[in-house]
Amino acid sequence: MSMDRRQFIKIAGISTVLGFGGTLGLSKLKDSWASEMLQSPEALNAKHWAMVIDVKKLTSEEHYDKAISACHRAHNVPNIGNPKEEVKWLWKETYEHAFPGMEQEYMPEGIKHKPFLLLCNHCENPPCVRVCPTKATFKRESDGIVMQDMHRCIGCRFCMAACPFGARSFNWRDPRPFIKEQDENKEFPTRTKGVVEKCTFCYERLAKGEMPACVEAVKDTKALVFGDLSDPNSEVRKILSTHYSIRRKPELGTQPSVYYLIGGEENA
Amino acid sequence: MYDSGKIIVGLLIFVGIVTFPFYYNAGKAVAKPDLKLDTPVIQQMPEAERKCVETKEFMRGGHMQLLNNWRDSVVREGNRVYVSSNTGKRHTMSLQNTCMNCHSNKKKFCDECHNYMVVKPYCWDCHIQPKEKEL
Ligand code: SF4
Ligand code: SF4
């Protein structure tokens, strides 16, 4: 049987229409079961989640380790050991690396050498979201959390290039062998080779009415405070209106939602 | 025509390779998948409550669309509770925690059919599959 171009296009056209019919049929099917999907009643809500880190209250190495390991355990973050392939959600950094351009020669020794806890800043104006071609990275309009939908990530790493804070990690290899079995959180997925990840402000814990794992882990120090920036009566707002705070790389205009109190209240 | 012999031989080889899987498997009976619904959790439920989030018929054909919608709802909209259109009951939407809590026998419940259909979902590359419990 021979087929000329015209016939071919006709058949192709008909099958496309049939194909659409198929998807239409499917969406009808969907309607028949798309019952309601709701928020859990115990979920914590805010219009703009933010974190305040009072560095002065983190007085021992143990505090840092507790916060970091709570986060990394809760989210099955692998410990790969090789800095080039490291995956990190919450980590320690020196003042000069965390706040480049804001250091000066005569600053207090206590701050110069103090480690700072860094994480994704959940920027109000996040460049990582702007560059993501698949919308795997998006900002939740409801509460300002910058999310990473691992299902949609194609591993292009544009977001890593765009984020000026180094907040994102790429999985160069399957993370499973690097998560100790006894540390595994059975309720949270691991990720897989080829996707980018970062701190998510513990959206999965907020949905259950729980505070972020790092905040919970160092609760007794009150060093990490998490709350709603849009609510004038929230604890974060009270702290920010009575203490001097700084944010990372403010000159870039990304508007981080993580604020640092660097001490100095004694003379304030 | 030039080289018609070579072209025909080439075509025959091509057709042979393309259709190889069909006649290779022809006549072989592949055992029908034999799904199992009994897990310790399901057995502990009273008979009347042994109902999935939707009807069995729907789940057979539509579980992939349902899971897809669940995923978008949870990750992108922040909604985690699913109201069954079948029973009106509320369920937390989670493959790893809800589905696999009842259907902890992944080998018999998921793999059996997926292997038969040669469908390889990559859910388990990220989601932690349940430890198989013997009955
Ligand atoms: S810190 Fe980086 S990854 Fe996080 S929201 Fe800002 S730009 Fe995006
Ligand atoms: S908010 Fe959650 S995800 Fe982010 S650093 Fe803290 S524990 Fe980790």
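Computed from a predicted model, the values in this text were never measured in an experiment. Numbers restart at 1 for each chain; the letters A, B, ... are given by sequence-line order, proteins then strands.
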Tell me, please, which residues at least two apart from A:Glu85 pass side chain to side chain donor-acceptor pair (under 3.5 Å). A:Arg173
Under a 4.5 Å heavy-atom criterion, the part of residues 191-209 of chain A in contact with chain B comprises A:Arg191, A:Thr192, A:Tyr203, A:Glu204, A:Ala207
Atom CZ of A:Phe158: over 12 foreign heavy atoms under 6.0 Å: no
Closest heavy-atom pair and its distance - A:Phe188, B:Ile128: O-CD1, 3.5 Å
At a heavy-atom distance under 4.5 Å, which candidate from A:Lys186, A:Gln148, A:Glu184 has the highest pair count against chain B? A:Lys186
Does any N or O in the side chain of A:Gln39 come within less than 3.5 Å of the main-chain N or O of B:Arg80, such that one atom is a donor and the other an acceptor? no
So what's closer than 4.5 Å to chain A heavy atoms on B:Met93: side chain, backbone, both or neither? side chain
Where the side chain of B:Arg76 meets the backbone of A:Met147, is there a donor-acceptor pair that is under 3.5 Å apart? no
With a 4.5 angstrom heavy-atom cut-off, is it the side chain or the backbone of B:Asn86 that approaches chain A, or both, or neither? neither
Rounded distance [0.5 Å steps], CD in B:Glu77 versus CG in A:Leu38: 12.0 Å
Going by the rule side chain to side chain donor-acceptor pair (under 3.5 Å), which residues pair with B:Asn115 if we only count those two or more places apart in sequence or in a different chain? none
Which one wins on heavy-atom pair count under 4.5 Å against chain B: A:Glu141, A:His151, A:Arg140? A:His151
Quick check on B:Arg90: does its CZ atom have over 12 non-hydrogen neighbours (other residues, nucleotides or ligands) under 6.0 Å away? no
Is there a side-chain contact between B:Trp70 and A:Met37 (heavy atoms, below 4.5 Å)? yes
Would you indicate whether A:Gln182, at its atom CD, is surrounded by more than 12 heavy atoms from other residues, nucleotides or ligands within a distance under 6.0 Å? yes
Do the side chain of A:Glu187 and the main chain of B:Asn97 share a donor and acceptor less than 3.5 angstrom apart? no
For A:Asn76, is it the side chain, the backbone, both, or neither that has a heavy atom closer than 4.5 Å to a heavy atom of chain B? side chain
Does the A:Thr190 side chain pair with the main chain of B:Cys126, one donor and one acceptor, at a distance under 3.5 Å? yes
Within 6.0 Å of OH in B:Tyr122, more than 12 heavy atoms from elsewhere: no
Tell me the salt bridge (charged side-chain N to carboxylate O under 4.0 Å, His left out) pairs involving residues 101-114 of chain B, sequence neighbours left out? B:Asp34-B:Lys108, B:Lys106-B:Asp111, B:Lys108-B:Glu112
